[in-house]
Amino acid sequence: MDNHTSSSSERSDFIRDIVAADLRDGRVDSVVTRFPPEPNGYLHIGHAKAICLNFGIASEFGGRCHLRFDDTNPVKEEQEYIDAIEKDVRWLGFDWGEHLHFTSDYFEQLYEWAVHLISEGKAYVDDLSAEEIREYRGTLTEPGKASPWRDRPAQENLDLFKRMRAGEFPNGSRVLRARIDMASGNINFRDPVLYRILHAAHPRTGDAWCIYPSYDFAHGQSDAIEGITHSICTLEFQDHRPLYDWFIENLPVPSTPHQYEFARLNITHTVLSKRVLLRLVKEGHVRGWDDPRMPTLSGIRRLGFPAEGMRDFAAMIGIARSDSVVEIQMLEYAVRQVLNRTAQRRFGVLNPVKVVIENYPEGQVEEMETVNNPEDPSAGTRLVPFSRELWIERDDFMEDPPKKFFRMAPGREVRLRSAYFVTCNEVVKDADGEVIELRCTYDPETRGGSSPDGRKVKATLHWVSAAHAVPAEVRLYDHLFTDPNPGSDGRDLFEGLNPDSETVLPTCYVEPSLADIPAGETVQFERLGYFCVDPDSTSDSLVFNRTLTLKDAWVKVQAQGKQNSA
RNA sequence: UGGGGCGUAGUUCAACGGCAGAACGCCGGCCUUUGGAGCCGGAUGCUGGAGGUUCGAAUCCUCCCGCCCCAGCCA
């Protein structure tokens with residue numbers, strides 16, 4: 001497999017440069033990366049960036065990438081999350097092959113290595129409470145001081161550590177600490193905790209253990225066990241790298257992995273923090289982890305974002321070490337690119353208003369041929385029934401149109417896509433003055449949508465035959481937060497939630513070819529946007545989620561009009 | 001006030017001592033049986049600042065400024 005001529009491998013960044021140099025100079029024989037999620041929540045778009053990076057590098061350089069669950073804290077972790085994470089990584093398009101691993105697989109080895117450190121006088125059991133440890137640690141500007149237990153003899157430490165494992169002590173009563181440097185400017189070196197007592201059932205090891213290793217003591221050693229060559233993580237772990245290296249140097253590990261850090265992803269109008277996402281779910285601001293408004297992979301999948309768009313986006317934004325916030329428009333662009341190419345076109349009317357074509361024979365039905373995707377001739381054509389009474393979009397008519405409104409208006413001829421030219425002659429209103437029906441005539445010579453005399457119309461409208469229409473619920477989605485940088489104004493994050501992030505339209509009409517469309521499929525409703533069939537959908541009651549709108553020049557004209565008149 | 005990082009168009013990134021570029025966004029035009037898509041064109045930078053080295057600095061050096069991360073028995 002030669003990826004090196006493909007466009008994706010032309011992309012470069014400082015990490016790929018390092019990998020290429022390590023391979024070239026023989027520091028590694030082949031590259032091994034890993035994606036190491038903690039199963040304490042669902043994966044989000046920020047994780048997708050890391051997944052694309054790790055799996056992408058492995059595939060571009062002919063190496064491999066492991067999926068490793070960093071499951072060292074049973075009080076926060078659940079099997080549900082493990083299952084969801086595996087599903088999401090696969091959905092994104094990546095395969096870890098044989099290399100599904102769990103840090104918990106290494107608990108016995110990690111324990112032995114802890115014993116090794118104790119024997120060398122490089123670790124000790126501390127009886128201080130959590131609060132005392134914090135006090136002894138010092139502050140950012142003042143050095144810490146030694147715990148009274150710091151010089152405990154190795155034999156006593158060994159004995160105590162064994163008894164910690166045996167379950168003789170309650171939670172929080174003792175910890176195992178590395179013995180490094182209480183005065184270090186790097187706080188991670190001030191005798192970091194290696195093991196804590198947690199009498200809690202673990203999703204995988206059950207009650208086999210009541211002491212669990214900390215992240216610092218587990219991560220690098222797990223990398224070493226798996227032969228990871230490049231351990232890639234986010235910037236907040238930079239300060240941990242010297243400690244990561246310290247364990248690799250002071251333990252008889254089978255390989256010497258190295259850690260590299262990159263800037264985590266931030267996106268406007270949303271938030272990528274597991275803590276906040278968990279709150280959104282638990283407090284009911286959204287309906288679940290897979291709510292279409294959530295930036296989780298399960299959320300965007302339900303919204304209708306294709307995995308390919310997500311991967312393209314990851315390639316677009318690149319990898320760097322500076323903090324940044326990507327405009328969500330860039331993600332949306334990547335998604336539209338894919339959907340424009342792949343989504344079949346259909347007719348759907350969201351806010352229906354009735355059209356009656358007075359000179360069209362009552363009871364007549366014509367099957368109008370129309371293309372499934374102008375971007376892809378191989379998608380073919382389909383037949384859409386046309387009849388005397390139709391639904392069109394309420395927004396496509398104005399009784400008193402402003403200058404730049406091209407759509408239907410009294411006396412104006414427009415095209416019904418793939419059907420006929422029609423002209424509105426009369427507007428029927430109800431008692432409240434609401435337009436309820438548009439009486440039109442059609443020109444039989446314009447069948448298919450073009451006129452033999454060559455006359456033009458400015459607008460083309462989508463439509464659905466009333467007699468053949470399939471009712472559907474359509475859920476309109478918008479950004480979760482109104483503010484591009486949620487919480488930046490210092491107010492509570494949740495006050496900035498967009499109240500209009502979801503709008504449910506219960507009475508929409510779609511063309512009959514959509515009657516049996518399966519959940520998960522995405523189509524373009526012409527002129528409106530992309531719509532994905534929600535899992536709530538049944539053949540009796542269709543439900544579509546609006547993935548994204550199409551770019552709409554008219555909304556810009558409207559906005560400018562408002563500005564001018566203001 | 002200790003330690004570790006980061007500053008290049010509005011945004012995300014390139015440029016690795018040799019004319020500061022791309023993508024997204026924005027503006028204008030063309031085209032159009034989607035006001036979509038596509039095509040063409042345009043604007044936008046004191047490369048955070050000040051010194052220095054050099055024929056030549058975004059790039060190397062010094063100082064300054066700003067922003068981010070670290071004081072969990074979370075990861």
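The sequence lines fix the lettering, A, B, ..., with proteins before strands; numbering per chain opens at 1. None of the values given here were measured: they were computed from a predicted structure.
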| remark: Expected string for nucleotides 66-73 of chain B under the B/S/- scheme (protein heavy atoms, under 4.0 Å, primed atoms plus P, OP1, OP2 as sugar-phosphate) is --SBBBSB

| query | So, is B/G51 syn or anti if syn means the angle is within 90° of 0? | reply | anti

What is the distance, to the nearest angstrom, from the [atom1] atom on [X] to the [atom2] atom on [N]?
X	N	atom1	atom2	answer
A/N340	B/U32	CG	C1'	14 Å
A/L278	B/A75	CG	P	16 Å
A/Y333	B/A22	OH	C1'	12 Å
A/R417	B/G35	CZ	C1'	13 Å
A/F14	B/A15	CZ	P	12 Å
A/Y212	B/A75	OH	P	12 Å
A/L548	B/G25	CG	P	12 Å

Mind checking who [N] pairs with, Watson-Crick or G-U wobble, both distances under 3.5 Å?
N	result
B/C60	B/G52
B/C24	B/G10
B/G38	B/C30

| task | Check the surroundings of atom CH2 in A/W149: do more than 12 heavy atoms from other residues, nucleotides or ligands lie under 6.0 Å from it? | result | no

Between [options], which nucleotide gets closest to the side-chain atoms of [X]?
X	options	result
A/S322	B/G7, B/U34, B/A23	B/G7
A/N73	B/C74, B/U12, B/C24	B/C74
A/L550	B/C24, B/C6, B/U34	B/U34
A/A553	B/A75, B/A23, B/G36	B/G36

| request: Report the residue (A/T72 or A/S184) whose heavy-atom-nearest nucleotide on RNA chain B is the more 5′ of the two. | output: A/S184

Taking the six-membered ring of [Y] as reference, does the cationic atom of [X] (NZ for Lys, CZ for Arg) lie under 6.0 Å from its centre and within 45° of its axis?
X	Y	result
A/R345	A/Y530	no
A/R417	A/W463	no
A/R415	A/F421	no
A/R174	A/F169	yes

Does the [N] base have a donor-acceptor partner in the side chain of [X] within less than 3.5 Å?
X	N	value
A/E327	B/G10	yes
A/R407	B/G35	yes
A/E261	B/G4	no

| message | Which residues in residues 524-532 of chain A have a heavy atom closer than 4.0 Å to any atom of RNA chain B? | response | A/Q524, A/E526, A/R527

| message | Could you check whether A/D191 and A/Y124, counting side-chain N and O atoms only, form a donor-acceptor pair closer than 3.5 Å? | response | yes

| task | Would you kindly say whether A/N372 and A/R346 are connected by a side-chain donor-acceptor distance under 3.5 Å? | result | yes

| Counting just side-chain N and O atoms, does A/K556 come under 4.0 Å of either OP1 or OP2 of B/G35? | no

| Pairwise P distance for B/G42 and B/G5, with rounding to whole Å | 43 Å

